[in-house]
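Chain letters run A, B, ... following the sequence lines, proteins first and then strands; every chain starts at 1. The figures that follow rest on heavy atoms only: side chains count, while hydrogens, waters and symmetry mates do not.
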Number of protein chains: 2
Amino acid sequence: MTMQKIRLAVDAVVFGYDRQYTQIGLLLIKRKIEPFINQWALPGGLVHNEESLEEAVSRELQEETGVTINYLEQLYTFGTPNRDPRNRVVSVAYFGLVRPDMFTLHASTDALEAEWFEIHNLPPLAFDHQQIIDIALERIRSKVRYEPIGFELLEEKFPFSDLEKLYTTLLQEDIDRRNFKKKLMSLGVIEELQEHYTSGAGRPAKLYRFNRKEYFELKEMGGNFSI
Amino acid sequence: MTMQKIRLAVDAVVFGYDRQYTQIGLLLIKRKIEPFINQWALPGGLVHNEESLEEAVSRELQEETGVTINYLEQLYTFGTPNRDPRNRVVSVAYFGLVRPDMFTLHASTDALEAEWFEIHNLPPLAFDHQQIIDIALERIRSKVRYEPIGFELLEEKFPFSDLEKLYTTLLQEDIDRRNFKKKLMSLGVIEELQEHYTSGAGRPAKLYRFNRKEYFELKEMGGNFSI
DNA sequence: ACAAAAGTGTTGCCATTACACCCATGC
DNA sequence: GCATGGGTGTAATGGCAACACTTTTGT
């Protein structure tokens with residue numbers, strides 16, 4: 001058997017939530033090398049010899065976009081022989097979530113262009129990255145229903161309406177405000193704070209906070225987060 | 001940057017269901033090369049340059065065990081730098097399901113020893129394979145609740161009690177026979193045949209068959225398989 | 001006073017659960 | 001006729017969905 005000539009890469013599908021415009025954002029970079037030079041693509045790159053896959057993702061994200069990731073999870077590994085036109089590259093895709101304060105990119109970092117795109121209005125993408133994104137979207141949409149990952153897209157303290165809007169935006173379906181709150185509060189993993197937030201118009205909203213500790217206890221007892 | 005020295009492998013966690021003893025079986029091979037020579041391990045090996053990951057899994061399974069796989073799904077990619085004591089090997093793990101007729105191994109194939117083990121009575125395993133198996137078990141247990149993969153472990157035509165026993169065995173919890181059947185039949189994806197099966201003792205059982213076509217139609221319409 | 005957003009309870013329905021006896025066959 | 005496994009219905013409960021008006025603030 002001949003020597004294996006397969007390169008291993010990682011790619012990151014990073015989502016953010018834009019409270020202002022109630023949109024799901026996706027982080028892309030513009031490639032500055034061939035192939036697909038000057039096209040938009042997912043942040044990512046080859047894995048170094050001594051780093052773990054997660055370290056590789058974080059490093060590439062830092063180098064290419066300056067974004068700090070809040071939640072990272074392995075998505076799927078793409079290994080079709082010709083997904084890269086030059087060499088064989090197998091890529092382990094991750095999906096990540098970032099907080100709203102990351103939404104204004106410090107484009108300063110390094111040379112590459114990095115930008116947020118509205119999830120339903122993406123430019124043409126390099127490689128099979130559109131497919132990867134589709135899978136990531138599917139995953140986040142189903143996962144958000146039975147694990148409390150939505151909070152990773154919000155500020156630590158948030159008005160309940162933010163959470164509600166996040167869910168409607170992500171799932172593209174209407175939610176009954178009363179039922180939604182009832183259900184979430186009944187789990188006992190969200191605490192009501194004594195602070196308020198005023199957005200400029202309308203009645204000020206109480207702020208809430210997700211309690212990770214309570215959530216782990218819930219899980220220990222066989223309880224389930226579920227929307 | 002120095003040349004990347006990472007090898008890419010695949011491993012397969014293959015489950016079977018033993019009707020006789022109502023046990024979940026796991027397929028293992030005995031390694032005949034270092035490292036971990038003579039230890040039990042998951043079937044798997046390095047990916048060839050021009051084959052897809054799925055092809056690699058099927059090939060290795062065929063070479064090492066002779067088993068024909070009925071369902072194959074990517075599980076997770078394991079990439080910790082030192083999971084293989086010699087070189088860095090990143091492994092894409094798959095989990096597979098086989099039909100009961102595969103359960104009697106044609107051990108004839110090739111030289112390697114391949115054997116079924118009861119899932120709760122495994123020998124010490126090479127590498128991080130125990131961890132991979134744990135994750136696979138978790139996955140199959142949760143997946144069997146909301147996707148009709150249980151049928152992939154049974155004969156095409158099966159008595160309802162087989163399905164019921166498979167679920168109790170897998171999920172380790174009791175099931176009410178009447179409610180279970182009611183629920184499954186109400187989905188309209190299982191057809192009752194006019195054939196009967198007699199196991200030697202007791203009343204003969206009607207045979208049933210999972211109807212893939214109906215299932216896809218159900219899914220199109222937004223319906224859900226769920227136990 | 002009006003516009004904008006937040007807050008709040010009750011009712012009906014359907015899905016899930018709990019539960020036990022008779023039936024068909026082989027020996 | 002007895003042992004073995006298969007087959008079947010009903011009633012109670014609880015979780016989920018549907019539903020609209022009042023409150024607080026800024027302008």
* To do: Kindly point out which of D:dG6, D:dT8, D:dC16 is positioned nearest to the side chain of B:R178?
  => D:dT8
What is the distance, rounded to the nearest whole Å, between atom [atom1] of [X] and atom [atom2] of [N]?
| X | N | atom1 | atom2 | answer |
| --- | --- | --- | --- | --- |
| A:I227 | D:dG15 | CD1 | P | 16 Å |
| B:M185 | D:dG6 | CE | C1' | 14 Å |
| A:R177 | D:dT23 | CZ | P | 15 Å |
| B:E192 | D:dG7 | CD | C1' | 10 Å |
| A:L184 | D:dC16 | CG | P | 12 Å |
| B:L207 | D:dG7 | CG | C1' | 14 Å |
| B:Y208 | D:dG6 | OH | P | 11 Å |
| B:E164 | D:dT8 | CD | P | 13 Å |

* Looking at B:L163, B:L193, B:I190, which hits side-chain contact (heavy atoms from CB on, under 4.5 Å) with B:Y208? -> B:I190
* Asked: So, do A:D128 and A:I132 sit near enough that their side-chain heavy atoms are less than 4.5 Å apart?
  ->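 A:D128 vs A:I132: side chains touch.
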* Between A:G200 and A:K183, just flag the one whose closest nucleotide in DNA chain D comes earlier from the 5' side. => A:K183
* **Lys/Arg cation over aromatic B:F160: B:K181, 6.0 Å, 45° cone** => yes
* Pair B:I119-B:Q23, side chain to side chain contact (heavy atoms under 4.5 Å, CB included): steps then yes or no -> CA-CA 8 Å; B:I119 198 66; B:Q23 288 183 342; over 6 Å; no
* Aromatic contact, A:F78 with A:Y76 (centres under 6.0 Å) -> yes
* Asked: Does the side chain to side chain contact (heavy atoms under 4.5 Å, CB included) test come out yes or no for A:L42 and A:L28, once each step is laid out?
  -> CA-CA 5 Å; A:L42 294 173; A:L28 296 176; 3.9 Å; yes
* Asked: If you count the non-hydrogen atoms of other residues, nucleotides and ligands that lie under 6.0 Å from CD in B:Q20, is the total more than 12?
  -> no
Considering just the side-chain nitrogens and oxygens of [X], establish if one lies under 4.0 Å of OP1 or OP2 belonging to [N].
| X | N | value |
| --- | --- | --- |
| B:K181 | D:dT8 | yes |
| A:K206 | D:dT25 | no |
| B:S161 | D:dG6 | yes |

* To do: Show your reasoning for whether salt bridge (Lys or Arg N to Asp or Glu O under 4.0 Å) applies to B:K213 and B:E220.
  => CA-CA 11 Å; B:K213 216 173 116 229; B:E220 293 291 312; over 6 Å; no
* Asked: Of all nucleotides in DNA chain C with an atom under 4.0 Å from a non-hydrogen atom of chain A, which is the first and which the last going 5' to 3'?
  ->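 First and last nucleotides in contact are C:dA4 to C:dT10.
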Tabulate protein N/O versus nucleotide N/O from nucleotides 10-13 of chain D, keeping only pairs under 3.5 Å, one per line.
| from | atom 1 | to | atom 2 | distance (Å) |
| --- | --- | --- | --- | --- |
| D:dT10 | O4 | B:K182 | NZ | 2.8 |

* Does the pair A:R19 and A:F103 meet the rule for a side chain to side chain contact (heavy atoms under 4.5 Å, CB included), with working shown? -> CA-CA 10 Å; A:R19 299 178 64 240; A:F103 214 83; over 6 Å; no
